[in-house]
Amino acid sequence: MTPPVKDPVIHSSLSRPLAVSALLLLLALAWSLYDETYSIRPWKSYQSRFAKLYSRFLDQASAGQSELERNLKASPDYRALDSALQQSERESLPAVAAIDRQINQQLAPQILALNEPFQEVRSRIAALTYQLETSRSESAKTDLRRQIDQLKAETRFAALSAQLQSLKDEKARLLQQRVELMRPADALRARRDRYLADRLPGASTATISALRTSLTNFDIRIRQIHVKDVDLVDRCESCHLGAREPVTLTKASMGGEAVFASHPNPELLKLHDPEKFGCTPCHGGNGVAVASVEKAHGANKFWLWPLHAKENIQAGCQQCHAREILTEMAPTLNQGREIYRARGCIACHRYESFDREADEISSVTQQLRSIDQQKSAWTREAALSEAQANDPRTSDEDARKLLAHINDLKLRASLLDAQVDTLDTRSRSLVREVKKTGPSLKEVRAKLRPEWLPVWLKDPRQWREGTKMPSFRLADPEIRAISAFLWQSALAASPPPQAAGDPARGREAFETRGCLACHSLGEGSARQGGNFAANLSRIGEKADYSYLVRWIHNPRQRSAPYCAFEKRDLTAEDYRRHNLPFLFDLDHSRCPNDGHELQVQQMTPMPSLRLSEPEARDIASYLMTRKHDNVAYPDAPYLTDPALKSQGLALVRNYGCANCHEIAGLEEEPRIGTELTREGSKPIDRLDFALLTAQANAEGWLTHKGFFDRKLQNPAIFDTGKEKSAQERLKMPDFHLSKPEIDSVSTFLLGSVDATVPPRYFNTRGQDIADGWWVVAKYNCMGCHQLHPGQSSLLQLLPQYQDADSRDRLPPTLIGEGARVNPAWLLRFLANPALSDTLTDRNGVRPYLRVRMPSFSLSAGEVQKLARFFAALASQAQPFVAAPLDPLTASELTLARQLFASEAAPCLKCHMTGDPKHDARATAPSFALAPDRLQPAWVRRWLLDPALLAPGTAMPSGLFRREGDRFVFAGPTPPAFASYPKDHADLLTRFIFKTR
Amino acid sequence: MKLYAVAAFALLTLISCSSDKPPAAATTELAPTGPALSPDEANGATLTGKVAFTGAKPPLSMIDMSANPACERAHKDAPLAAEDIVVNPNGTLKYVFVWVKSGLPANQRWAIPATPVVLDQSGCQYKPHMIGVMTGQNVELRNSDPTNHNIHPQPSLNPEWNDSQAPGGDPKFKTFARQEIMIPVKCNVHPWMRSFIGAVNHPFFAVTGDDGTFTIVGLPPGTYVIQTWHEKFGTVEQTVTVGAKEHKAVDFSYKG
Amino acid sequence: MSLSAKLARLLKSARKTQVAKSVLRVKHEDTPRARSLGVLSNVFLHLHPAKINRDAVAYNYTWGMGGMTFYVYLVLVFTGALLMFYYHPSKVVAYRDILYLENDVPFGKLLRNMHRWGAHLMVIMVQLHMFRVFLTGSYKKPREFNWVVGVILLVLTLLLSFTGYLLPDDQLGFWAVTVGTNMARATPLLGNEGPFGPQLGMTPYNDVRFGLLGGSIVDSNALLRAYIWHCIAIPILASLFMIVHFWRVRKDGGISGPAPVMLESEIPQPREP
Amino acid sequence: MDLHQLWTILATPDNVPIVLLALAVPFYTWYGLRQSFANDRLIAQLEADPALARTHHRKTQPWRPEWDREVHVWPYLLRIEFLAALIVTVILLVWSILLNAPLEEPANPNLTMNPSKAPWYFVGLQEMLVYFDPWLAGVVIPFLIIVGLMAIPYIDTNPLGSGYYTFKQRKAAILTFLFGFLGLWLTMIFIGVFVRGPGWMWFWPGATWDHNRLVFEVNRDLPFGALFLAAYTAAAAWAIHKLITLTPFHRKIHARMSRFQYLVMQFFLILMLALPLKILLRQLFRIKYLLVTPWFNI
């Protein structure tokens with residue numbers, strides 16, 4: 001019989017697969033354990049590497065430091081201090097030792113011995129007194145009192161405590177005496193240590209050794225900043241361990257690992273303490289994530305706030321400093337904002353904090369309207385209640401109440417009038433504050449050579465390098481239509497013809513009057529001057545001579561006033577209808593038809609240099625010589641073709657020319673660009689990458705930065721490959737920005753985000769300074785003046801101001817201007833720098849300077865902003881109250897006058913005195929201006945050491961020297977001074993400030 | 001067999017610890033060290049020469065001192081000529097600064113002479129018009145005029161200062177820390193006053209005098225670039241090689 | 001005496017102790033009685049019968065889908081309970097908790113991954129289990145009702161996964177659930193956009209979608225309701241039906257096969273009505 | 001062919017289950033049908049030789065009289081269950097370590113994701129939204145699927161194949177189920193996940209999902225749709241009847257069916273066939289609605 005076949009089900013064994021899968025499970029668990037502790041916690045390896053590198057760096061640094069310290073200690077001064085210290089310690093040593101001995105050997109043990117029984121007795125007494133106080137029966141009380149007294153007597157408690165107290169007092173006295181003895185030695189030790197600390201650069205050996213000990217027990221843990229109320233958890237320092245180390249660590253010093261370098265900008269950390277601000281509000285990234293570098297930097301696909309790239313690191317500042325045009329320590333961001341404002345991005349793209357004038361105008365008109373409604377409502381109510389009061393049926397009581405009510409309403413209405421007045425002045429100045437990015441095209445007919453217009457529209461940059469005008473990718477027919485429209489829409493009026501001027505004198509005037517602070521001449525490497533305004537190397541080919549003369553004489557002069565209410569330019573006819581002269585300027589700025597505020601000035605920031613007519617003619621004729629010769633301009637007959645006009649109007653409206661230029665009929669054009677206030681946090685799907693989306697995603701630039709960089713580099717990039725008619729193509733013109741400019745603008749846009757921190761983090765300090773910077777940026781004050789340390793004005797860099805003599809002929813530095821001048825005077829000066837209504841062809845304060853302080857015809861608001869700006873910049877108290885000066889006695893007056901006019905005092909040699917012959921060569925302002933121009937405290941500081949307040953000034957230092965606690969005139973003083981006890985500088989200051 | 005194990009182990013530890021990268025040595029540029037030398041007239045070389053001036057002699061321009069009566073009185077007999085271009089009778093140029101521009105050992109320290117160089121203001125004019133001084137050496141400023149002067153050097157490499165000096169006041173001592181060829185000095189009270197100070201790290205320089213000649217002594221042997229500097233006519237350079245105790249003549253010339 | 005023998009003796013004596021006896025009610029012996037009692041007397045194991053059709057032990061019949069689904073369900077309950085320690089179902093806090101889980105909680109990421117992939121695995125296995133049951137005709141008499149319970153469990157599994165999808169409160173979950181619940185808006189009679197819905201007075205604020213979401217859009221109410229469905233309601237329902245399901249498997253005759261094949265000729269003729 | 005896009009869709013963590021499904025279902029179908037064919041061969045053999053039929057243990061697995069018919073659950077069943085548990089845990093653990101559960105941006109109600117898809121198992125239903133109105137696709141069809149599934153045991157009167165794999169004896173039932181499960185449910189899921197891109201537009205696998213793609217389609221309603229609907233129902237009912245009474249065997253099974261069971265089966269089968277028909281009508285002929293009424297339309 002065949003052997004019985006074994007049942008496969010029973011006899012098969014699963015042990016092998018079970019073993020294998022159990023092993024696999026074990027491996028998987030181990031892997032998950034490894035994954036959990038290491039692979040998703042890379043910071044552990046970072047920290048162990050950091051500990052190693054950092055300790056090696058510290059060893060090497062301390063070696064260097066101790067060597068430095070050794071030879072410092074070898075220096076004679078240190079040794080002298082050290083020996084004096086030892087010597088004084090040796091003197092006081094025996095006495096101190098005696099005191100110590102007495103305290104330790106005698107007093108301390110005695111106190112200890114007495115203390116013990118004393119405490120015991122006292123506690124027993126306390127227990128008894130407690131029973132005494134709480135016992136009810138009188139007899140018990142007396143019994144207890146008796147017990148206490150008996151106890152005190154037994155242990156002679158009173159004597160015991162007295163003796164103990166005396167011992168303690170003795171000990172205290174001795175200790176005090178010891179401190180007295182040690183005082184000189186301690187003082188010397190402090191001076192010696194400070195001597196060392198002053199000369200040792202960087203961390204002293206003490207801090208280094210402290211760091212090294214802390215490194216010995218360096219524990220590997222997550223280092224995080226947790227700001228509870230803002231729900232902010234930043235663990236950046238778990239890998240960036242060196243960020244806030246007291247010692248500066250560089251990539252090189254940390255073995256080539258840039259991650260451990262210390263924060264490149266420590267004083268920024270002082271301003272924004274990471275404990276309160278954390279890291280991610282400024283830098284972006286995902287503070288919580290520590291699983292991988294990519295996740296921590298927020299570079300993974302679904303994180304909305306990625307780390308800013310290196311070149312856009314300052315984007316973080318914009319969020320809290322949104323209202324400022326200039327933020328310290330953020331040059332790229334400032335450049336980005338400046339480009340956004342100056343190159344005209346603001347003209348097409350609304351940006352909340354940039355849109356100061358337009359916003360304010362709309363809010364002011366809106367407030368005015370609501371006030372009118374309120375007033376009419378109240379007057380109507382007053383009339384009604386008056387009717388009711390006079391009604392015989394109302395009781396006397398009610399009548400009296402109604403009358404009170406009526407008065408109250410009238411009072412309130414009058415208060416509104418006050419508000420209306422302020423708003424009116426505000427709206428008057430606002431009309432003057434609004435500027436356009438480009439020149440007014442209403443004057444095209446008067447100022448331009450017709451053929452030039454199409455050539456310019458074709459490619460502005462090719463005609464004038466560095467121009468602000470972007471290129472619009474226009475086809476020829478479009479150019480023709482636009483030129484025709486502009487030509488025919490412009491005002492027909494042309495300025496009176498002007499006689500020719502002398503180009504040679506014009507050239508000298510152009511180079512010295514200060515035009516080069518904004519404009520520039522010469523092309524390519526020969527280019528000289530500022531780029532705030534146009535390069536005038538080819539102005540001759542473009543401009544009309546007579547218009548140029550009028551423009552140079554007074555750039556703000558308009559050919560026709562514009563009435564915003566009627567939305568059109570007024571003509572002489574409108575004035576004649578009300579038999580008024582066709583006269584419109586800052587004083588006659590009301591519209592004859594409806595009384596509203598007129599725009600009586602060109603909306604250009606270009607100021608009037610108050611040049612005389614002949615000088616304007618000279619400069620104009622010089623500028624007319626600046627042109628490329630043999631340049632052929634094809635003539636443009638079509639300019640006057642009416643058929644092209646309507647076509648041109650549609651194109652101009654489509655391309656948004658009216659946003660930058662003032663064009664007849666298109667003054668109120670809406671902005672054609674999208675608002676960019678929150679562009680940085682617009683969802684990525686809303687940024688239209690068009691056909692490049694897939695490519696962008698593959699190449700990794702499907703991000704905000706990718707979009708901004710490419711759009712700025714080539715605004716039509718997202719049209720590539722699209723089938724679009726001319727009208728639908730992307731309209732944004734090409735600004736030919738260089739790479740750093742693109743980086744700065746995209747930094748600005750990346751920073752324009754929804755707030756990720758609560759509003760209380762926003763910077764509200766220095767609001768006056770922030771507002772001031774806006775006005776300074778708008779009128780380019782930094783072209784001529786130095787406004788904050790480290791910034792050099794443009795004129796300073798021009799070659800003609802480099803030699804020794806001409807350096808004194810530069811415009812004055814304005815650092816500390818707030819502390820120098822009286823704000824009231826500054827208001828007057830800024831309103832009219834000539835300081836006189838008749839003699840305008842001069843500088844009010846420094847007539848001897850060729851460079852001319854122009855009149856910007858600032859609005860009242862702007863002038864106040866500047867005054868507050870300078871005061872705040874010099875941290876002066878506002879409003880300004882002049883410090884009272886006690887008047888000069890008769891003797892003091894004669895004394896001061898003698899010193900002032902003496903040969904030894906050089907004052908009248910340089911300062912203007914009023915005598916024309918002397919003033920011709922004077923190099924300093926007249927003293928007559930001083931009383932209401934300067935601040936006494938400043939004058940006194942200036943007299944003592946002018947180089948401190950304005951380095952490189954022509955005013956010499958060392959005029960006074962210190963004698964005792966007062967300052968005395970350094971040179972020989974008239975004999976009468978011998979008996980004058982008081983401070984000479986004060987005397988002279990009070991003399992200067994006595995009103996003549 | 002045990003031996004192998006120990007050796008292997010030692011080798012292993014050696015490899016493991018040497019694998020760390022050597023620490024980057026902190027590099028600080030070499031500050032001049034060693035003793036301060038003074039020019040060794042005995043066996044150093046001496047350089048002499050003159051600065052000729054060819055071409056038309058520019059007309060002497062008179063200084064108009066009318067604005068300042070005190071100065072005018074000092075020159076009422078002979079009006080003062082500007083000293084920007086002074087051509088000596090023998091056709092040589094005065095006030096030309098001649099110095100060794102390069103060729104000296106780089107980090108060699110030179111002894112700073114104790115005697116200060118005097119720059120006097122007399123007759124509303126700087127006397128002399130041009131001086132040479134070592135960096136760190138004192139310049140003694142005197143005011144022997146009855147009127148107040150203010151001394152306003154305008155260096156670009158050294159810190160700028162502007163001190164007034166009362167008539168007959170005690171002299172002021174100033175030093176310049178960095179080498180700078182020709183610091184212009186002016187007086188804001190008397191705009192025509194002008195002088196030039198040449199601050200040099202080493203003592204090998206000279207200013208041509210009335211005969212238009214200059215001598216530099218104690219020059220260690222070596223090849224040097226000698227440069228002459230004039231206020232209006234700019235600089236001229238020549239390379240020259242000198243041996244020990246050699247007397248070398250080096251002539252320069254400027255065209256008017 | 002060899003080591004193993006000594007070990008065995010030790011083990012045997014250990015089992016004699018009172019403690020061991022009180023714990024292990026059944027002696028671990030290789031006898032049929034011990035084997036049966038081992039299963040029957042164990043509260044968990046007595047889900048199984050003592051003996052089973054010899055061929056049902058092989059993988060190829062049942063594919064183990066039912067058992068594996070139940071096992072994954074247990075894993076999900078376990079990891080889900082742990083996740084509940086860290087998760088708050090409110091709009092602001094939910095996302096932050098997931099971030100917290102991922103970065104701070106030790107093994108937090110692993111936990112969440114296990115829960116999510118486990119959920120997907122369970123959905124797949126449930127469908128494969130249905131597929132196997134259909135292929136083997138195991139729904140036929142007497143197991144019809146158990147098939148119905150199975151279908152209910154399938155629906156509950158899908159709902160469990162659907163409500164879990166929304167909880168991380170991220171775009172993926174939010175829009176997935178929005179799409180899902182938009183369909184509810186169109187329920188006939190009960191949805192405000194479904195046929196006959198408006199006629200019955202259904203508005204976006206009282207229709208079945210509103211009931212599901214606790215609001216007209218997927219907001220914090222929806223998050224809370226999804227959380228409660230996901231963590232309490234549906235798991236309890238699912239457990240109940242699983243109990244019924246397991247019970248009916250046993251009561252309807254245990255694992256249905258592999259049964260002996262039946263021939264066409266042996267089909268019993270239907271009794272005349 | 002945009003392989004990068006294809007790979008990103010395949011490798012997205014949340015699509016991994018569908019890839020798993022796409023591998024597992026064919027495998028298990030093959031695995032099950034293989035055993036069915038084996039049983040069918042055995043059945044054919046037994047029907048051919050009635051004597052054998054009496055003695056044979058009627059199973060493809062080997063068996064000898066001396067082997068027990070039933071084996072103890074412990075250890076034989078429990079050990080394989082334990083093994084299965086181990087393997088599942090390993091798979092789950094490795095999968096969790098390697099792939100992270102997706103966590104996208106925080107929910108933002110006013111930023112619609114394009115494409116916004118339901119979880120993968122409901123994507124089939126979402127696909128139905130293209131062809132039917134939401135009330136149909138979202139509520140009625142899922143409801144009918146559930147009820148249909150539940151009704152299967154009560155309308156399948158074929159006693160054969162209970163407890164063993166067979167194809168021959170239950171051809172109709174298996175084909176219908178395969179059509180329903182694989183043909184409709186899984187295919188729709190596959191389309192919904194891999195083929196439907198932004199704007200729920202049709203992107204063949206390998207085509208780039210372009211958000212700006214514009215497709216011009218004009219869907220029109222079928223005139224006399226109601227008539228077509230009625231015609232279809234009649235034709236379908238006739239065809240189904242024809243099918244289930246094709247062979248004498250089928251006729252025998254049909255005879256066992258009660259009238260109500262027959263009606264329910266017809267109802268579900270007609271509806272199931274209606275789905276692909278509607279899809280074809282839409283995809284090929286651009287027909288949107290068949291029946292338009294003021295309250296609802298199909």
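Here is the naming used below: chain letters follow the sequence lines, and residue numbers restart at 1 for every chain. Just so you know, these numbers come straight off a predicted model, no measurement behind them.
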Q. Side chain, backbone, both or neither: which part of D:Thr112 has a non-hydrogen atom closer than 4.5 Å to chain C?
A. both
Q: Give a yes or no on whether D:Phe37 atom CZ has more than 12 heavy-atom contacts from other residues, nucleotides or ligands under 6.0 Å away.
A: yes
Q) Where does D:Leu78 contact chain C at under 4.5 Å (heavy atoms): side chain, backbone, both or neither? A) side chain
Q.
For D:Val140, which atoms come within 4.5 Å of any heavy atom of chain C: side chain, backbone, both, or neither?
A. side chain
Q) Top residue by heavy-atom pair count (under 4.5 Å) with chain C, among D:Ala118, D:Pro106, D:Pro75, D:Ser162? A) D:Pro106
Q.
Strictly below 4.0 Å, N to O, side chains only: are C:Arg35 and C:Asp30 in salt-bridge contact?
A. yes
Q: Using a strict 4.0 Å threshold on nitrogen-to-oxygen distance, state whether C:Lys91 and C:Asp169 make a salt bridge.
A: yes
Q: Any chance you could measure C:Glu144, atom CD, to D:Ile152, atom CD1, to the nearest 0.5 Å?
A: 12.5 Å
(Q) At a 4.5 Å cut-off on heavy atoms, which part of D:Gln126 comes close to chain C: side chain, backbone, both, or neither? (A) both
Q) What part of D:Ile145 is in contact with chain C, defined as an atom under 4.5 angstrom from a non-hydrogen atom: side chain, backbone, both or neither? A) neither
(Q) Below 4.5 Å, heavy-atom pairs only: which of D:Ala173, D:Ala107, D:Ala151, D:Ser116 has the largest tally toward chain C? (A) D:Ala107
Q) Looking at CG of D:Asn39 and OG1 of D:Thr166, how far apart are the two atoms once the value is rounded to the nearest 0.5 Å? A) 6.5 Å
Q: Sort out for me which of D:Asn297, D:Leu111, D:Thr293 touches chain C most, counting heavy-atom pairs under 4.5 Å.
A: D:Leu111
Q.
Check the orientation of D:Trp30 and D:Phe27. Use parallel for under 30°, tilted for 30 to 60°, and perpendicular for over 60°.
A. tilted
**Q.** Heavy-atom proximity to chain D below 4.5 Å, by part of C:Tyr95
**A.** side chain
(Q) For the NE2 atom on C:His28, are there more than 12 heavy atoms of other groups (residues, nucleotides or ligands in this structure) within a distance under 6.0 Å? (A) no
Q) Is chain C contacted by the side chain of D:Arg69, its backbone, both, or neither, given a heavy-atom distance below 4.5 Å? A) backbone
Q: Please state whether the side chain, the backbone, both or neither of D:His72 comes within less than 4.5 Å of a heavy atom of chain C.
A: both
Q | Six-ring centre of D:Tyr165, D:Arg34 cation under 6.0 angstrom, axis tolerance 45° | A | no
Q) Does the ring of D:Phe177 carry D:Arg170 above it, NZ/CZ under 6.0 angstrom from centre and within 45° of its axis? A) no
**Q.** C:Val149 versus chain D, the contacting section by heavy-atom distance below 4.5 Å
**A.** neither
(Q) Quick check on D:Val71 against chain C: is it the side chain, the backbone, both or neither that has a heavy atom closer than 4.5 Å? (A) both
Q: Sort C:Pro32 into side chain, backbone, both or neither according to what part of it lies under 4.5 angstrom from a heavy atom of chain D.
A: both
Q. Does the side chain of D:Asp14 come within less than 4.5 Å of C:Arg116's, by heavy atoms?
A. yes
**Q.** Greatest number of heavy atom pairs closer than 4.5 Å to chain C - which of D:Ile174, D:Ile80, D:Leu77, D:Asp156
**A.** D:Asp156
**Q.** chain C interface, residue from D:Trp120, D:Phe122, D:Tyr164, D:Tyr154 that has the most non-hydrogen pairs under 4.5 Å
**A.** D:Tyr164
Q) Is the number of heavy atoms from other residues, nucleotides or ligands within 6.0 Å of CZ (C:Phe78) greater than 12? A) no
Q. Given a strict heavy-atom distance threshold of 4.5 Å, which part of D:Gln35 is in contact with chain C: side chain, backbone, both, or neither?
A. side chain
Q) With only heavy atoms counted, which part of D:Phe181 is less than 4.5 Å from chain C, the side chain, the backbone, both or neither? A) side chain
**Q.** chain D contact via C:Val261 - side chain, backbone, both or neither, heavy atoms under 4.5 Å
**A.** both
Q. In terms of heavy-atom contacts, does CZ of D:Phe260 have more than 12 from other residues, nucleotides or ligands at under 6.0 Å?
A. no
Q. Should the pair C:His120 and C:Tyr165 be assigned to parallel (<30°), tilted (30 to 60°) or perpendicular (>60°) ring geometry?
A. perpendicular
**Q.** Residue selection (most heavy-atom pairs with chain C, distance under 4.5 Å) from D:Ile43, D:Leu46, D:Thr29, D:Asn100
**A.** D:Asn100
Q. Measuring heavy-atom distances to chain C, does D:Pro50 have an atom under 4.5 Å in its side chain, in its backbone, in both, or in neither?
A. neither
Q | Under 4.5 Å from a heavy atom of chain C, the part of D:Leu136 involved | A | neither
Q. What part of D:Asp133 is in contact with chain C, defined as an atom under 4.5 angstrom from a non-hydrogen atom: side chain, backbone, both or neither?
A. neither
